[in-house]
Amino acid sequence: MEAIELRRRLVNYINKADETVLKEVQALVENYENDSIVAYTVKGKPLNREEFQKEISEAEAEYKKGNFSTQDQLEEEVRNWRK
């Protein structure tokens, strides 16, 4: 079945559906969106939306605690790698 025809059938079905079915469809779509890969870590690990948001929150918390390196510190670290 082509996507256009499938979309048309789903729209017709949703237009006739009761509130229970609509809530189930909504939950299905939201779960799909949450489980979809939205980003990857620098090591290549796929992250869904929830995991990505958690990574961002943890990074922001570390930054607020002062746990970060400045550009100058990183450049010095790279210079030391070459020795």
Q.
Under 4.5 Å between side-chain heavy atoms, counting indirect links through other Ile/Leu/Val/Met/Phe/Trp/Tyr residues: same cluster for Ile37 and Leu47 or not?
A. no

Q. Lys54 and Glu58: side chain to side chain contact (heavy atoms under 4.5 Å, CB included), yes or no, with the steps?
A. CA-CA 6 Å; Lys54 182 180 175 194; Glu58 289 172 0; 3.0 Å; yes

(Q) I need the Leu74 CG to Arg79 CZ distance, nearest 0.5 Å. (A) 10.5 Å

Q) Looking at Phe52 and Val38, what are the two nearest heavy atoms and their distance? A) CB-CG2, 3.8 Å

Q | Note: Glu19-Lys23 ion pair, threshold 4.0 Å (strictly below) | A | yes

**Q.** Side-chain donor or acceptor of Glu51 paired with backbone N/O of Asn48 under 3.5 Å
**A.** yes

Q) So, the side chain of Gln73 versus the backbone of Thr70: is there a donor-acceptor pair under 3.5 Å, distance only? A) yes

Q.
Checking Phe68 now: which residues fulfil ring pair (Phe, Tyr, Trp, His ring centres under 6.0 Å) with it, not counting sequence neighbours?
A. Tyr63

Q.
Please check this pair: side chain of Thr41 against backbone of Lys45, looking for a donor-acceptor N/O pair closer than 3.5 Å.
A. yes

Q. Are Glu60 and Lys64 within salt-bridge range, i.e. N to O under 4.0 Å?
A. no

**Q.** Step-by-step side chain to side chain contact (heavy atoms under 4.5 Å, CB included) determination, Gln26 to Leu22
**A.** CA-CA 6 Å; Gln26 179 183 12; Leu22 293 173; over 6 Å; no

Q. Taking C-beta and beyond as the side chain, do Glu24 and Thr20 meet within less than 4.5 Å on heavy atoms?
A. yes

**Q.** Ionic contact status for Glu62 with Lys65, cut-off 4.0 Å
**A.** yes

Q) Would you say the side chain of Arg8 lies within less than 4.5 Å of the side chain of Asn12, judging by non-hydrogen atoms? A) yes

Q: Check whether the side chains of Gln71 and Glu75 place a donor and an acceptor atom closer than 3.5 Å, and report yes or no.
A: yes

